[in-house]
Amino acid sequence: MALKFKFAIASDLHIALPHTIWQHPARFHLVEYSIPAFEEVLSQLANLDLDFLLLPGDLTQHGEPENHRWLSERLAQLPYPVYVIAGNHDVPKLETFDKFTPHYTKFGFESGISDPHKLYYECEVLPNVRLIGLNSNQFDVDGQQIGWIDDEQLFWLESVLANQDYELNLVTIHHNVLEHMHDQSRNALGKRYMLGNTERLCKILHQANVKLVFTGHLHVQDIAYSDRYDLYDITTGSLVSYPHPYRVLNYTSDESGERLEIESFRVKSIPEQEDFLHFSREWMGNHSHPFVLRLLTHPPLNLPLELAETLTPELRYFWAYIADGDAKFEFPNFPLVAKEYFEAFSDIPPKDNNITLVLK
């Protein structure tokens, strides 16, 4: 059966009403602009004939009830369906799990169907198209948040996918399923953004011929592909950090095959900041020094502090380039070990922002 639909993705909104913002000197995200940035996205999407909007987690800054309330009330005003999942910021403690779903019963967590303590669901978003929202927020024995899918949820997922009444299954989960940066599953820079038991999930999805997963959490624009599992992990950057992106996607399935056309856009201006992208990029650059200094002086590089300090100016926009997607790095003046390390973060195919994926 032929399928054709259009949807949008905005991720890691970190909605924060002014009185809920934590004024911490090390605060990295521009949460004070979370609401105007989201409003600008909604303004742009209003001109499109969307079938639905997907929000893959970190809806609020710290799971504050008033921020959840503001967002759910705003989503209820939109003319198209919206589907959400929880991010680590939305459920910072185990006891907040059952406080999340009541805010979003109209946005995937249907009232009376889902246990309010279980942050996962399935729903028909269009005829023959099903969305499966997974929960990757768990806690270890020390009470620390980790990216993990518990056994009960995995068994549920297998049973759900065994129902083959749908031509297409889309999956969304907050933590990354595939690597989006060099050696992400092992390096300190990116490991905490990945799902801990990703291989088990990928096997389940591959057996059910699921090819598309939509993630957030990392705050970068990237599309990763696993040939082993024939799976795309499409992660979308955050609306509160450079480059403040969102995506519009067109899916088509007909006699010529399956295609997903992906376009990426940026929030370029808001009332509070006319040149929002420049302001945000400089903000990120101004806060980059401690971050890149750790990369230089900690494993695997372990460079002396004196040498590391001479290299940090060239890395001022390192994370901004990664977050923007499609990055290409060249550091000809770096010591060889540092040159190879940082250039390895150059993007690998497929492209991250604007591309048409031909699904096998």
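The model shown is predicted, which means the values in this text are computed figures rather than measured ones.
- Side-chain atoms of Glu263 and Asn354 include no donor-acceptor pair closer than 3.5 Å.
- To the nearest 0.5 Å, atom CD1 of residue Ile223 and atom CD1 of residue Ile234 are 5.0 Å apart.
- Open room surrounds CD on Glu274; 12 or fewer heavy atoms of other groups in view lie less than 6.0 Å from it.
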Requested in this report: Would you check, one step at a time, whether the test ring-ring contact (aromatic ring centres under 6.0 Å, His included) holds for Phe7 with Phe214?
Outcome: CA-CA 12 Å; Phe7 65 106; Phe214 304 96; 5.6 Å; yes
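- A salt bridge does not link Glu158 with Lys203: every distance from a Lys NZ or Arg NE/NH1/NH2 to an Asp or Glu carboxylate oxygen is 4.0 Å or more.
- Proximity of a side-chain donor or acceptor of His206 to a complementary backbone N or O of Tyr229 within less than 3.5 Å is detected.
- No side-chain donor-acceptor contact under 3.5 Å links Glu110 and Thr105.
- When atom types are taken as modelled, the side chain of Ser280 and the backbone of Phe276 share no donor-acceptor pair closer than 3.5 angstrom.
- When all heavy atoms are compared, the tightest approach of Leu239 to Ala37 is O-CB, 3.8 Å.
- Ser185 and Glu179 are linked by a side-chain donor-acceptor pair at a separation below 3.5 angstrom, with hydrogens and angles left out of the test.
- Using a 3.5 Å distance cut-off with no hydrogens or angles, the side chains of Glu40 and His244 do not pair a donor with an acceptor.
- Counting non-hydrogen atoms of other residues, nucleotides and ligands closer than 6.0 Å to CG of Leu359 gives a total above 12.
- Neither Ile348 nor Ile262 shares a network with the other; the hydrophobic side chains, linked directly or stepwise wherever heavy atoms of I, L, V, M, F, W or Y lie under 4.5 Å apart, form separate groups for each.
- In this structure, Arg186 places its CZ atom where only 12 or fewer heavy-atom neighbours from other residues, nucleotides or ligands lie under 6.0 Å away.
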Report task. Tell me, with the steps shown, if Tyr33 and Gln273 meet side-chain hydrogen bond (donor to acceptor under 3.5 Å, both in side chains). Result -> CA-CA 9 Å; Tyr33 302 119; Gln273 292 289 341; 3.2 Å; yes
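- Between the side chains of Gln184 and Asn176, at least one donor N or O sits under 3.5 Å from an acceptor N or O.
- The backbone N or O of Thr356 sits nowhere less than 3.5 Å from a side-chain atom of Glu261 that would complete a donor-acceptor pair.
- In this structure, His174 and Ala86 approach most closely via the heavy-atom pair CB-O, 3.7 Å.
- Each of Phe100 and Ile146 belongs to its own hydrophobic cluster when Ile, Leu, Val, Met, Phe, Trp and Tyr are linked at side-chain heavy-atom distances under 4.5 angstrom.
- Within 6.0 Å of NE2 in His278 there are 12 or fewer heavy atoms belonging to other residues, nucleotides or ligands.
- When all heavy atoms of His217 and Asp12 are compared, the closest pair comes out as N-OD1, 3.0 Å.
- Between Lys328 and Glu343 there is no salt bridge, since no side-chain N of the basic residue sits under 4.0 Å from a carboxylate O of the acidic one.
- Taking the six-membered ring for Trp, His29 and His219 have ring centres closer than 6.0 Å.
- When the side chains of ILVMFWY residues are joined at heavy-atom separations under 4.5 Å, either directly or via intervening members, Phe107 and Phe97 end up in a single hydrophobic cluster.
- Taking both residues in full, the closest heavy atoms of Val240 and Leu13 are given as CG1-O, 3.2 Å, listed atom of the first, atom of the second, then distance.
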Query raised in the report: Run the ring-ring contact (aromatic ring centres under 6.0 Å, His included) check on Phe109 and Tyr104 step by step: do they pass?
Result: CA-CA 6 Å; Phe109 297 92; Tyr104 301 104; 7.3 Å; no
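- Shown here is Arg192, whose CZ atom has no more than 12 heavy atoms of other residues, nucleotides or ligands within 6.0 Å.
- Remark: Thr235 OG1 to Leu178 CG distance equals 10.5 Å, nearest 0.5 Å.
- Without hydrogens or angle criteria, Asp222 side chain to Met181 main chain gives no donor-acceptor distance under 3.5 Å.
- Here the two rings, on Phe329 and Phe342, have centers that are 6.0 Å apart or farther.
- Under a 3.5 Å cut-off, the side chain of Asp90 and the backbone N or O of Leu59 do form a donor-acceptor pair.
- Taking the six-membered ring where tryptophan is involved, the planes of Tyr232 and Tyr225 are tilted, since the angle between them lies from 30° to 60°.
- Between the side chains of Asn187 and His182, no donor-acceptor pair is found at a separation under 3.5 Å.
- Side chain to side chain, Glu282 and Tyr317 meet the donor-acceptor criterion of an N or O pair below 3.5 Å.
- Note on Arg130 versus Glu167: no salt bridge recorded, every NZ/NE/NH1/NH2 to OD/OE distance being 4.0 Å or above.
- With rounding to the nearest 0.5 Å, the separation of CG in Asn333 from CG in Leu311 is 9.5 Å.
- Looking at Asp347, its side chain never comes within 3.5 Å of a backbone N or O of Ala327 through a donor-acceptor pair.
- Interatomic distance, Ile21 CD1 to Glu64 CD, rounded to the nearest 0.5 Å: 9.5 Å.
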Requested in this report: Just do the side-chain hydrogen bond (donor to acceptor under 3.5 Å, both in side chains) check on Asp324 and Gln221 with the steps written out, would you?
Outcome: CA-CA 6 Å; Asp324 206 21; Gln221 289 286 96; over 6 Å; no
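- A salt bridge is defined here as a Lys NZ or Arg NE, NH1 or NH2 lying under 4.0 Å from an Asp or Glu carboxylate O, and Asp151 with Arg200 meets this definition.
- Thr20 places no side-chain N or O within donor-acceptor distance of the main-chain N or O of Ala16, the cut-off being under 3.5 Å.
- Few gaps surround CG on Asn47; more than 12 heavy atoms of other groups in view lie less than 6.0 Å from it.
- To the nearest 0.5 angstrom, Leu71 atom CG is 9.0 Å from Asn67 atom CG.
- Atom OG1 of Thr60 and atom CZ of Arg69 lie 12.0 Å apart (nearest 0.5 Å).
- Taking the six-membered ring wherever Trp is involved, the centroid distance between the rings of Phe52 and Tyr80 does not fall below 6.0 Å.
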Report task. Test Phe318 against Phe345 for ring-ring contact (aromatic ring centres under 6.0 Å, His included), laying out the working first. Result -> CA-CA 9 Å; Phe318 177 67; Phe345 285 89; 5.5 Å; yes
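- Smallest separation of non-hydrogen atoms from Met194 and Val177: CE-O, 3.6 Å.
- Gln145 places a side-chain N or O within 3.5 Å of a backbone atom of Asn88 that can act as its donor or acceptor partner.
- Residue Glu95 places its CD atom among more than 12 non-hydrogen atoms of other residues, nucleotides or ligands, all under 6.0 Å distant.
- Gln153 contributes a side-chain N or O that, together with a main-chain N or O of Asn135, makes up a donor-acceptor pair within less than 3.5 Å.
- Heavy atoms from other residues, nucleotides or ligands lying under 6.0 Å from NZ of Lys339 number more than 12.
- Under the ring pair (Phe, Tyr, Trp, His ring centres under 6.0 Å) criterion, the residue pairs touching residues 139-164 are Tyr120-Trp156, with sequence neighbours excluded.
- No continuous path of ILVMFWY side-chain contacts below 4.5 Å connects Tyr166 to Leu212, so the two sit in separate hydrophobic clusters.
- In this structure a side-chain-to-backbone donor-acceptor pair under 3.5 Å is missing from Asn250 to Lys6.
- A salt bridge between Asp254 and Arg259 is present, with a side-chain N of the basic residue lying under 4.0 Å from a carboxylate O of the acidic one.
- Hydrophobic clustering (ILVMFWY, side-chain heavy atoms < 4.5 Å, transitive): Leu293 and Tyr341 are in distinct clusters.
- Aromatic rings of Phe5 and Tyr251 (six-membered ring for Trp) have centroids within the 6.0 Å cut-off, being under it.
- Using a 3.5 Å distance cut-off with no hydrogens or angles, the side chains of Ser264 and Arg247 do pair a donor with an acceptor.
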